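Working notes, structure below.
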Amino acid sequence: HVLPRVELSEPLLQRLKDGGSDSSSERATLPTFDVPYFRYIDDEGAEEDEWCGSSRSLSSFDEEDSSDSSLSHRYTGVPATPEKVLEHLLSHLRLDEDCGKTLLDDFLLTYPVIMSTSDLCQALLGQYPSGKESLVRKRKVLHLLSEWSALCRATLQEDQHTRLFMKTLYGNVLDDLYEFPSLEKELKDLQKLLRMQPLFHQLSLKENWQPLRAPQTEGKEVLCRVYVTVDSYVSVRTHSAVTAQELLAAVADRLDCAEDDMVLVAVSYSREKALLQPHQCVYTNSLSTAGRLCVCRRDMTDLMSPVPDNAQLQQLAARMLTMNTWDIAVALTNCDWSLFSNLQEQELVYFTLSRDSCAGHTVALELLLQRCNEVQQWVMTEVLLCPVLCKRVQLFKKFIKIAAHCKAQRNLNSFFAIIMGLNTAAVSRLSQTWEKVPGKFKKLFSELESLTDPSFNHKAYRDAFKKMKSPKIPFLPLLLKDITFIHEGNKTFLDNLVNFEKMHMIADTVRIVRQCQTDHMGKYLKESAEVRAYINYLHIIDNQQTLFELSHRLEPKV
């Protein structure tokens, strides 16, 4: 199954593939692991004594609550229509107790598996009773909307269809306010969701609905790739409202070049070039750029000449040797946490489904996967651009220590990326360099490497991760693999009835994100301003052929 939209690097795929195949001809596919046979829930003829594992037990570290399980089984026989699903869900929901809340959470996290957001909005409007009918049913519908907004507030506020749905529902609640004054609290909650001016009496919604100006996307973080050669780029951690001038200043500082000598050019897929003006915003409202961003010399724009040459690139590699390894790990962790803390659980579900309608719903997840790839490639770039053997040995020692610090800081995202970067073929083949690495560092690396061992469905990693207290940053590709196996290994509908057990298993897996996000990691880790600036602008070579050429140039094949 091909991972949608996000392009995983070849080194990352190579480490994640089952059995560690060295074939370079294999296409970039979903990472596979050593996993036990996955049981199809709907297979009634399965033998009881056959050893098999459910993906829920492999992806969750908590024991299954029998009450939650019974709730899930109770709804397995619901007809597979949005109206029927919501009807059963609301009928068993209790506003004054916990009964049904786990099921509600399961449904809100995983409803894209069985229906679209538009279908859910229509079904919710249909479940809201009109006139003087049941107040309890009205409050249940509004409670479901409140829980939905708590999980996916950004989606509800930014999507046109959901805003139209909330506007219509707001009008219905406003009509009911005179008959049911107790709905005033729910009305105020809807006003907050719609960012409306307070209205506490019956008005014509069509004439008086005046939403407040929505906040801009300036606060959203992005990782912007600015190519400085044909096969290398600087990854700039910035905001979505960044201008061409701001990007140029960041790249110039990272490459030690004069900003006045450079211009920023957007190259489209058809190879058309557009010069970006200094105050022009790089990103559109959909958080997409006008094309591939390249930095060129001002007097050679038409030739697309890269700014740095090979000698300059090699000088950049030694810069990291002067920095403290703990500070580098802190900067990596704080960067990862700033992205991970914005991740919504439902993004993993949308990413797995890969529907066309999911566009824009997985921005934070895609940024995290991109960051993982870039840290791995950064490790390779730093090592392979270092021409001096003794300094290369120092870099190996530094990266091993940084990986150990990331593990201590409970940042498994950068931890995996660094270990995989050192394990890629272009780096691992540097036998002369590895021979000079002291024995204690080789032993430490071996211990750290064992946590990335895919044997027994990554048992070593899962055991270590379970023991870590929150907040912590998981290795996201492994969570995506778990969800994909659950989704592909179990039917969504059984004889046109919803398989709620499958949805419960998926929800249990994505809830790991919620468990990891408790508390705030950044307040425990203080970073150096110099190191932060260095880590926020990683220089990366993303061409595997170029990396292998650099590797063979350092240590020619005997």
Side-chain angles (χ1 to χ4, degrees), residues 1 3-6 30-31 33 35 38 41 54-65 68-69 71-72 89 101-117 120 147-156 336-337 339-355 357-358 360-369 372 412-413 457-458 461-462 465-466 468 470-490 492 498-518:
H1 309 282
L3 282 176
R5 294 186 296 282
V6 173
L30 179 73
F33 297 79
V35 292
F38 275 70
I41 293 175
S54 78
S55 28
R56 178 181 186 276
S57 63
L58 292 171
S59 57
S60 176
F61 300 117
D62 297 325
E63 292 296 327
E64 181 173 6
D65 186 351
D68 293 347
S69 179
L71 277 172
S72 179
L89 190 67
K101 289 193 175 181
T102 298
L103 179 67
L104 177 61
D105 195 54
D106 289 349
F107 171 76
L108 292 175
L109 287 174
T110 61
Y111 77 83
V113 176
I114 59 173
M115 66 180 77
S116 67
T117 299
L120 175 57
E147 294 293 318
W148 188 14
S149 68
L151 288 174
C152 317
R153 178 175 293 271
T155 302
L156 287 176
D336 287 355
W337 180 258
L339 299 174
F340 179 67
S341 59
N342 292 323
L343 178 67
Q344 295 184 358
E345 298 149 287
Q346 203 178 56
E347 290 188 44
L348 282 77
V349 178
Y350 275 120
F351 191 91
T352 304
L353 295 176
S354 183
R355 291 179 180 170
S357 59
C358 299
H361 292 333
T362 59
V363 173
L365 177 58
E366 291 177 20
L367 286 176
L368 271 166
L369 294 175
C372 186
L412 283 309
N413 196 57
N457 194 31
H458 277 268
Y461 162 77
R462 295 182 191 275
F465 185 77
K466 179 180 179 181
M468 291 180 180
S470 296
K472 53 189 174 182
I473 305 174
F475 182 51
L476 270 300
L478 189 55
L479 270 182
L480 290 172
K481 186 273 306 183
D482 288 343
I483 298 171
T484 301
F485 264 98
I486 297 171
H487 179 55
E488 299 293 337
N490 300 282
T492 303
V498 178
N499 183 358
F500 266 86
E501 178 62 16
K502 169 182 174 176
M503 298 176 68
H504 179 64
M505 291 162 66
I506 294 177
D508 244 12
T509 305
V510 301
R511 267 191 289 264
I512 292 175
V513 171
R514 186 185 308 175
Q515 297 161 10
C516 294
Q517 288 175 339
T518 59

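If you're wondering where the values come from, they're calculated on a predicted model, not measured in any experiment.
Between the side chain of Gln517 and the backbone N or O of Phe340, at least one donor-acceptor pair lies under 3.5 Å.
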Begin with the C-alpha distance, continue with both residues' side-chain angles, and end with the deciding distance and a verdict on side chain to side chain donor-acceptor pair (under 3.5 Å) for Thr484 and Glu488.
CA-CA 6 Å; Thr484 301; Glu488 299 293 337; over 6 Å; no

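Counting heavy atoms from C-beta outward, Tyr111 and Val349 have side chains that stay 4.5 Å or more apart. Considering only heavy atoms from C-beta on, Leu478 stays 4.5 Å or farther from Leu412 through its side chain. Two residues are said to be in side-chain contact when any heavy atoms from C-beta on lie closer than 4.5 Å; Glu501 and Asn490 fail this criterion. Residues Leu369 and Leu476 are in side-chain contact: their nearest non-hydrogen atoms beyond the backbone lie under 4.5 Å apart. The side-chain heavy atoms of Glu347 and Val513, taken from C-beta on, include no pair separated by under 4.5 Å.
Smallest separation of non-hydrogen atoms from Trp337 and Cys516: CH2-O, 3.7 Å. Scanning all heavy atoms of the two residues, the minimum distance from Asn457 to Arg462 falls at O-NE, 2.8 Å. The nearest pair of heavy atoms linking Phe351 to Glu366 is CE1-CG, 4.3 Å. When all heavy atoms of Glu345 and Val510 are compared, the closest pair comes out as CG-O, 3.6 Å.
Residues passing the ring-ring contact (aromatic ring centres under 6.0 Å, His included) test with Phe107: none are found, sequence neighbours excluded. By the side-chain hydrogen bond (donor to acceptor under 3.5 Å, both in side chains) test, Thr492 pairs with Lys502, sequence neighbours left out.
Interatomic distance, CD1 of Ile473 versus CG of Asp336, reported as 5.0 Å (0.5 Å rounding).
By the 30° and 60° cut-offs, the orientation of the rings of Phe475 relative to Tyr461 is perpendicular.
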